[in-house]
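See below for the structure under consideration.
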Protein chains: 2
Amino acid sequence: MTPRQNRTRAERGIPEATVARLPVYLRALHTLQDRGVATVSSEELASAAGVNSAKLRKDLSHLGSYGTRGVGYEVEYLVYQISRELGLTQDWVVAIIGVGNLGRALAGYGGFASRGFRVAGLLDADEAIVGQQISGMTVEHIDRLEDVIAERGVSIAVIATPAGAAQKVCDRVVASGVTSVLNFAPVVLAVPDGVDVRKVDLSIELQILAFHEQRKAGGPGEHPLAGDGPPGTAQYVEAVQA
Amino acid sequence: MTPRQNRTRAERGIPEATVARLPVYLRALHTLQDRGVATVSSEELASAAGVNSAKLRKDLSHLGSYGTRGVGYEVEYLVYQISRELGLTQDWVVAIIGVGNLGRALAGYGGFASRGFRVAGLLDADEAIVGQQISGMTVEHIDRLEDVIAERGVSIAVIATPAGAAQKVCDRVVASGVTSVLNFAPVVLAVPDGVDVRKVDLSIELQILAFHEQRKAGGPGEHPLAGDGPPGTAQYVEAVQA
DNA sequence: TAGATTGTTAATCGATTAACAATC
DNA sequence: TAGATTGTTAATCGATTAACAATC
């Protein structure tokens, strides 16, 4: 029926799970490079990246045959191949929308520039913030959003606004032609097909940790309330009121 | 061989993919609650959460049978069941280590308190930062880390230090009995079995976006350099130097 | 050649999804 | 009863992993 099912591996490209790990490998390789290491085995690199070596080799095999049997991988060459695959051999122009605490932290984050991400705009709706100097840039008014995107060739928008403002901002950047959005606002953004949204949610990460922490504390199998009755039962009412 | 393979579904508990989505459902339900909605169908809730309805129903079925056929789910009851499953019916004590731009943003983030996460400590190694008031708390010296964890019952550590300091800080919080760590430092932390680490990496998220953005720009199948030769070839040397 | 390590195969596992019987 | 919607089944898809042939 749908062409999706008939696509070959080559057509589908690199698996998403692999793409998500490539930056991790790249970081480990940079660390090795700084230490002057020229060659690394899959076992060593996997250990530095926190994965097992079979997964690492499988991941790298999607890019091509860049290792040497009996020897390992040449660090510099692998750095180049992964960088190229990820699109890091070119610069990407980023705009940060919302210059609160988090936006400021992002504006000052050194990890962006070093990976080819150039922050070319800081925008906010608050008149008290507009005009401030942050990390060597002047915060501009959100009214200028479309102009900034067009004039500076922004291709990635970072949304760090309050939840209530995020969807409107997103609609505007998408209307301006941006198809990659990194969203820090705690809302699910609606976007048309073809637009990629990645979401970073601090509260969600803590909630996932809490789930596991609770399991540890309670011990295995400990879920005495699992059979709770429907609303109206004594158990439920008592628990909700607690 | 290993008991892992013989465990039943009940023993394994709720799938990780489901656990990661429960906080998203919870947020959507809170929004509905604020709007005064009492009952919701899987179709409506799924749409608000950005997933399809089959996945939502499957996820919720892991918690129990909390819906009513022909009707839907009662919002308040589902909020309670998901909260309980995630361990949010109790408070969790959090310490933030590293009070730079990001640490400050985290300290001031309202989304923590509202979900039962209480920030009970801000610690830093920089004498210039220690003693500062941030979001109503006094930053303490990192030397006090073990005392703070023990005295205030910290069960989740948030690491927002520079990369170079993160592993040492992690070792110390783990030695103090903390088994849940949220790591913002761009390093892979080594921890013993039984310790959960979740990682938030801003640079990695941008790199994943760049990968997809590049694919769009280049169009499908456009990878002219895919056949690059090994180190030493003209193509490679030129590209690395660029 | 002997030792080491990659790249690939194949088995397994877990997640997703459509479809529909159960049931309110 | 008729209409609506859940909870579950089963098929499919994608990710992980151990094992090993290929090969440096």
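Since this is a predicted model, take the numbers as computed values, not measurements. We name chains A, B, ... by the order of the sequence lines, and we start the count at 1 in each one.
Remark: C1' of dT5(D) and CD of E74(B) are 16 Å apart, rounded to the nearest angstrom. The CD-P distance, from E16(A) to dT16(C), rounds to 13 Å in whole Å. For the pair Y73(B) OH and dA4(D) C1', the interatomic distance rounds to 13 Å; values are reported in whole Å. One atom, OH of Y77(B), and another, C1' of dT6(D), lie 15 Å apart when rounded to the nearest Å. For L78(A) and dG7(C), the CG to C1' distance is 14 Å, given to the nearest whole Å.
With D201(B) as the partner, the salt bridge (charged side-chain N to carboxylate O under 4.0 Å, His left out) test is satisfied by one option alone out of R27(A), R198(A), R21(A): R27(A).
Between atom CG of residue L56(B) and atom OG1 of residue T18(B) there is a gap of 10.0 Å, rounded to the nearest 0.5 Å.
Side-chain contact check for R215(B) versus F211(B): some heavy-atom pair is nearer than 4.5 Å.
A donor-acceptor pair is defined here as one N or O able to donate and one able to accept, closer than 3.5 Å; no such pair exists between the side chain of E205(B) and the backbone of V200(B).
Defined by atom type and a distance below 3.5 Å, a donor-acceptor pair is present between the side-chain atoms of E213(A) and S180(B). A donor and an acceptor atom, one from each side chain of Y77(A) and Q81(A), are located under 3.5 Å apart. If you check the side chains of S47(B) and E43(B), you find no donor sitting under 3.5 Å from an acceptor.
Minimum atom distance to the side chain of A17(A) is reached by dT16(D), of the listed dG7(D), dT16(D), dT8(C). Comparing dG7(C), dG7(D), dA15(C) by their closest approach to the side chain of S61(A) singles out dG7(C).
The minimum heavy-atom distance between V75(A) and T39(A), with the atom names listed, is CG2-N, 3.9 Å.
Of the residues in residues 27-49 of chain B, those placing a heavy atom less than 4.0 Å from an atom of DNA chain D are S41(B), S42(B), in numerical order.
Annotated stems with DNA chain D as a participant read C:3-24 with D:3-24, given as range with range, by first number; only runs of 3 or more Watson-Crick or G-U pairs under 3.5 Å qualify.
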Inset, instruction - Sugar-phosphate atoms are those with a prime plus P, OP1 and OP2; base atoms are the rest. Using that split, label each nucleotide of nucleotides 17-24 of chain D B, S or - for protein heavy atoms under 4.0 Å, 5' to 3'. - result: BBB-BBBB

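The phosphate of dT5(D) has neither OP1 nor OP2 within less than 4.0 Å of any side-chain N or O from Y66(B).
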